[in-house]
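Residue indices begin at 1 and follow the sequence shown. Both counts, for ligands and for their atoms, begin at 1 and track the order of listing. Just so it is clear, the model here is predicted, and its values are computed rather than measured.
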Amino acid sequence: MKFVVTSRGDETSNKLQQRIKRYLLDFGLTFDFEEPDIVITVGGDGTLLHAFHRYNHRLEETAFVGIHTGHLGFYADWVPDEVEKLVTHIAKTPYQIVEYPLLEVVIRHADESKSERHLALNECTVKSLEGSLVSNVEIKGDVFEVFRGDGLCISTPSGSTAYNKALGGAILHPSLASIQIAEMASINNRVYRTIGSPLVLPQHHTCLLKPQNKVDLQVTIDHFTLTDKQIKSIQCRVAEEKIRFARFRPFPFWKRVKDSFIGG
Ligand code: NAD
């Protein structure tokens, strides 16, 4: 089996990264930076997000597992003390795969040839860099509302515990192949009206954002940011692709939610 170990880059994570690499090489596994079967990340959720984007061209062949060297992560749910147990599992036992849905984002520019497709593990956000964002929100081909406010966040179920949660969105179980649209400070008065509640769309229901004012937009996909004035539309839906996590022990989603947000 071919593996890679990525690190957040701090000293603790780098040391653990080297230890895991040595263990797995001793077990006879092959280090392969380009085409790993398993990607082990050491750091936090951000480290796993980076690794997802590094290897998202080969999701069907790659499984991910995350170790956290800081606080408990949603994707990084193994602790450094468990590393020996984890590497033995990786080397010796066939692992179970758990698949989580992803968000597909297609950004169309005034110049059609510059259209781009992205996959997000957490979310896509759209904001205006100056003043309010004014955007038509189409759902399944029909105009649903004209949004005016700070911005919109379209998240995956596993991303629902990240930015979406801070916006008052619901936490969705990742077995629900869906996307969630959450508002950022919408303006609601006698002139402007939005639904005000987060919306959950099932597979095959597309959400199309068509910005109406000619302002510079800031679009984020997980941790990275794109800035462009010439965006015609942003189309979001559940992606065909899924992320595959290697599971070596049960750690139910709701337990992770409880441990992260409620505690003991
Ligand atoms: P970061 O260093 O700013 O960390 C953001 C925090 O979000 C970390 O504590 C991380 O553990 C947590 N996080 C990431 N994914 C999560 C998930 N799926 N569920 C629960 N918590 C999660 O940035 P980063 O580590 O590069 O992560 C990027 C993410 O930060 C974005 O995808 C976005 O979800 C989140 N973010 C949140 C807010 C907010 O809550 N107001 C604002 C901006 C970005």
**A166 and ligand 1 - part of the residue with a heavy-atom distance under 4.0 Å** = side chain

**Message:** My question is simple, although I want it checked carefully: is atom 13 (N) of ligand 1 less than 4.0 angstrom from any protein heavy atom?
**Reply:** yes

**Prompt:** Heavy atom of H71 under 4.0 Å from ligand 1?
**Reply:** yes

**Prompt:** Would you say L102 and L59 make side-chain contact, with heavy atoms under 4.5 Å?
**Reply:** yes

**Request:** Kindly confirm or rule out a cation-pi arrangement of K21 over F31, judged by NZ or CZ under 6.0 Å from the six-membered ring centre and within 45° of its axis?
**Result:** yes

**Asked** So S160 and S155, side chain to side chain donor-acceptor pair (under 3.5 Å) or not? Walk me through it.
**Response** CA-CA 6 Å; S160 68; S155 58; 6.0 Å; no

**Message:** Under 6.0 Å between ring centres: does that hold for F74 and F261?
**Reply:** yes

**Prompt:** Is there a protein heavy atom less than 4.0 Å away from atom 39 (C) of ligand 1?
**Reply:** yes

**Item:** Heavy atom of protein inside 4.0 Å of atom 6 (C) of ligand 1, strictly below
**Value:** no

**Asked** Hey, is the main chain of A170 close enough, under 3.5 Å, to the side chain of Q180 for a donor-acceptor pair?
**Response** yes

**Asked** Any non-hydrogen protein atom below 4.0 Å of atom 3 (O) of ligand 1?
**Response** no

**Complete:** When rounded to the nearest 0.5 Å, the distance separating NE2 of H118 from CG of L226 is 5.0 Å

**Non-hydrogen protein atom less than 4.0 angstrom from atom 34 (O) of ligand 1** = yes

**Prompt:** Are there protein heavy-atom neighbours of atom 18 (N) of ligand 1 below 4.0 Å?
**Reply:** yes

**Asked** Should the pair R54 and F33 be classed as cation-pi, given the thresholds of under 6.0 Å to the six-membered ring centre and 45° from the axis?
**Response** yes

**Request:** Determine whether the side chain, the backbone, both or neither of Y163 has a heavy atom under 4.0 Å from any heavy atom of ligand 1.
**Result:** both

**Request:** Could you see which bit of T161 sits under 4.0 Å from ligand 1, with heavy atoms only: side chain, backbone, both or neither?
**Result:** both

**Complete:** ligand 1 to Y75, heavy atom cutoff 4.0 Å, flagged ligand atoms 18 (N)

**Asked** So which of S160, C124, A162 gets nearest to atom 16 (C) of ligand 1, if we judge by its closest heavy atom?
**Response** A162

**Request:** Heavy-atom contacts with E123 under 4.0 Å: which atoms of ligand 1 show up? List them by number with element.
**Result:** 31 (C), 32 (O), 33 (C), 34 (O)

**Request:** Take Y75 and S158 through the side chain to side chain donor-acceptor pair (under 3.5 Å) test and state the conclusion after the steps.
**Result:** CA-CA 9 Å; Y75 302 118; S158 60; 2.9 Å; yes

**Request:** Please round to the nearest 0.5 Å and tell me the distance separating atom CG of L152 and atom OG of S186.
**Result:** 8.5 Å

**Request:** Report yes or no: does S158 have a heavy atom closer than 4.0 Å to ligand 1?
**Result:** yes

**Message:** Which heavy atom of C124 sits nearest to which heavy atom of I234, and what is that distance?
**Reply:** SG-CG2, 4.4 Å

**Request:** Output yes when a protein non-hydrogen atom is found under 4.0 Å of atom 26 (O) of ligand 1, and no otherwise.
**Result:** yes

**Request:** Give the atoms of ligand 1, by number and element, whose distance to some non-hydrogen atom of L49 is under 4.0 Å.
**Result:** 27 (O), 28 (C)

**Request:** Please identify which atoms of ligand 1 are closer than 4.0 Å to at least one heavy atom of H223.
**Result:** 26 (O)

